[in-house]
2 protein chains.
Amino acid sequence: MTKISTWNVNSIRTRITHVTDWLQTNPVDVLCLQETKVVDADFPHTPFEEIGYQAEIFGQKAYNGVALISKSPLTNVQAGFTPVLEAAGKSLDEATFFDEQKRVITGVTASGLRVVNLYVPNGSSVGSEKYDYKLRWFRLLKQYMECLLAVKPKPILICGDFNIALEDRDIYKPEGREKHIMSTPVERESLRSILELGFADVFRKFTAESGHYSWWDYRAASFNRNMGWRIDHHYLTPELYERATSCTIDKAPRGLEKPSDHTPVTVEISD
Amino acid sequence: MTKISTWNVNSIRTRITHVTDWLQTNPVDVLCLQETKVVDADFPHTPFEEIGYQAEIFGQKAYNGVALISKSPLTNVQAGFTPVLEAAGKSLDEATFFDEQKRVITGVTASGLRVVNLYVPNGSSVGSEKYDYKLRWFRLLKQYMECLLAVKPKPILICGDFNIALEDRDIYKPEGREKHIMSTPVERESLRSILELGFADVFRKFTAESGHYSWWDYRAASFNRNMGWRIDHHYLTPELYERATSCTIDKAPRGLEKPSDHTPVTVEISD
DNA sequence: GAGTAACAAG
DNA sequence: CTTGTTACTC
């Protein structure tokens, strides 16, 4: 069995004890972190090593940043769009530009499963320059995923903070969602164009109803009122999707003191 | 018996639990705070009221700020230089200017003792504009004290963060002190000119040796190495000085998590 | 509402 | 080293 989690920690340095405590009671094969908000030189490797994990990291100052935390070493680790597109012989202009922001890292487990960890741009507000950046970023992501699908291993899991709620049941209050960042038809279509390559939302294999979220705004006591969004996802290629035995959201860390605004989402895949 | 303490808390909002915890194990008649760093509208009155204290405050945004915390209400509370100098018919030009920084508050206890709580300017570095400000501030303080000495009640206690170590035994390493802020001959003479009005350092009534300090720089682990300065003082008029039965520095709060860089100094005065 | 940065002050 | 402010981002 392989267990993989995704968690936007909103600063790994501020959240380090939350994360290591959680890992000790929730051991996983790979924990995908987003918004580490730290340059690689300052990443807190020691606390992870002390509990038997190692980190593959791709960080920057103050913003963004992703990491793969794993018990066993990962192979074929590639940070950013560039190395993957380069290996496929693609033009690197866009990749170089978008890799200024550290949002993508991938690696392969010993069990031969490729994990792609994403921190999708938030997009700020509909029609803004950042919104446009988000849509352009998705077009590059599609190329990136096409490159990965063309090589081995074929079982691929994409996870992370997508900053998109794909369906209305993923939002506490879907009214007005067409004009709200993270749920516009255009954003959803951007994400669907990735999924059409052959990925499915494994959370919905097990849970159909609304009311299950992975992110709650810090403001307006939205966690206590369960005014959340499901924007942290695991998307699996068909074979993995079939093998998945559970996908669960652990709300507990969101209730701790000084929590991240996101909480971990975990998928279990049988051998 | 009357018990009076002085403590530069370096932000009352950050230190509120340190201060209320300390007051509960160290009940005093008046606690004089410096560097409250908060405007009056945001002063945390409730935590003090919950443990039976009230606060007279004189604060500003981000810098300086003084407060008198007392079990029984104080009378004749006057904030800043201006009201005292005005009552004495003095020119208010200087008072108005220096009261832009909130550094002075006075009140009278039920036992008829006037408490003057001061946060003396730090002075930055010798020869700087702030150094000049400190010396000019002392000239106004002298006028202010002359006004208070001319009215009732006559027993006066001046305390606070003086940002001056009056003698070499008040510094962990007196070498080079002539050129160091807080111990130049000019600063010491400024302070002595106040004391010459009739005040004495009550800590030295009981303790003659060096090694007793009230402030340790946050830098260079100076607290662990006892590299401190005695710059928080209680100066008493002769009658009070005679009645004083102890003057002690409580180092404990300096050892807590996220401490102030200063620690409380307490004087006891018999009835 | 909470994170980081850069600055000022001690 | 620690605090507060402003400005930015999510």
Side-chain angles (χ1 to χ4, degrees), chain A residues 8-16 18 34-39 42 59-65 101-103 119-125 128-131 133-134 161-164 180-182 215-225 227 229 231-232 254 256-262, chain B residues 8-16 18 34-39 42 59-65 101 103 119-125 128-131 133-134 161-164 180-182 215-225 227-229 231-232 254 256-262:
Chain A
N8 177 321
V9 290
N10 188 16
S11 170
I12 187 57
R13 285 180 294 182
T14 300
R15 222 71 61 203
I16 185 65
H18 282 28
Q34 303 89 38
E35 284 206 88
T36 53
K37 292 188 174 180
V38 64
V39 292
D42 295 339
Q60 69 178 85
K61 186 163 77 169
Y63 301 112
N64 313 314
Q101 298 188 11
K102 312 311 184 195
R103 297 177 174 279
Y119 175 49
V120 174
N122 170 279
S124 191
S125 58
S128 68
E129 210 163 287
K130 291 194 172 70
Y131 182 74
Y133 183 96
K134 185 177 191 172
D161 174 2
F162 283 77
N163 272 314
I164 292 178
H180 193 292
I181 192 71
M182 302 195 295
W215 172 80
W216 299 260
D217 198 300
Y218 283 121
R219 288 162 284 194
S222 53
F223 182 63
N224 293 330
R225 301 193 276 166
M227 294 162 59
W229 293 59
I231 59 179
D232 301 273
R254 185 62 176 81
L256 299 174
E257 285 288 294
K258 294 216 142 230
S260 167
D261 43 352
H262 297 250
Chain B
N8 178 321
V9 289
N10 188 15
S11 171
I12 187 57
R13 285 179 295 182
T14 299
R15 221 71 62 204
I16 186 64
H18 282 29
Q34 302 89 38
E35 285 206 88
T36 53
K37 293 187 174 180
V38 63
V39 292
D42 295 340
Q60 69 178 86
K61 187 163 80 169
Y63 302 112
N64 313 311
Q101 297 189 11
R103 296 177 174 279
Y119 176 50
V120 174
N122 170 279
S124 190
S125 59
S128 68
E129 211 163 285
K130 291 194 174 68
Y131 183 73
Y133 182 97
K134 184 178 191 172
D161 175 2
F162 283 77
N163 272 313
I164 292 178
H180 192 292
I181 194 67
M182 303 194 294
W215 171 80
W216 298 261
D217 198 302
Y218 283 123
R219 287 162 286 195
S222 53
F223 181 63
N224 294 330
R225 300 193 276 168
M227 294 163 58
W229 294 59
I231 59 178
D232 300 273
R254 186 62 177 81
L256 299 175
E257 284 289 293
K258 293 215 142 234
S260 169
D261 44 352
H262 296 251

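Residue numbers start from 1 in every chain, and the chains themselves are labelled A, B, ... in the order their sequence lines are given, proteins ahead of strands.
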Who pairs with Thr14(B) by side chain to side chain donor-acceptor pair (under 3.5 Å), at least two apart in sequence or on another chain?
Ser11(B)
Going by side chain to side chain donor-acceptor pair (under 3.5 Å), name the residues that satisfy it together with Trp229(B), two or more places apart in sequence or in a different chain.
none
Test side chain to side chain donor-acceptor pair (under 3.5 Å) applied to Asp261(B) - qualifying residues, sequence neighbours left out:
Trp215(B)
Each nucleotide of nucleotides 3-10 of chain D classed B (base within 4.0 Å of a protein heavy atom), S (only sugar-phosphate) or -, in 5' to 3' order, makes SSSS-BSS
Apply side chain to side chain contact (heavy atoms under 4.5 Å, CB included) to Tyr131(B) and list each qualifying residue two or more places apart in sequence or on a separate chain.
Val126(B), Ser128(B), Leu135(B), Ile181(B), Thr184(B), Val186(B), Glu187(B)
Partner residues of Pro259(B) under the side chain to side chain contact (heavy atoms under 4.5 Å, CB included) criterion, sequence neighbours left out:
Arg254(B)
Partners of Arg219(B) by side chain to side chain contact (heavy atoms under 4.5 Å, CB included), sequence neighbours excluded?
Asp217(B)
Reading DNA chain C from 5' to 3', where do the contacts with chain A start and stop? Cut-off is 4.0 Å to heavy atoms.
dG1(C) to dA6(C)
Holding to side chain to side chain donor-acceptor pair (under 3.5 Å), I want the full list of residues that pass it with Asn64(B), two or more places apart in sequence or in another chain.
Gln60(B), Arg103(B)
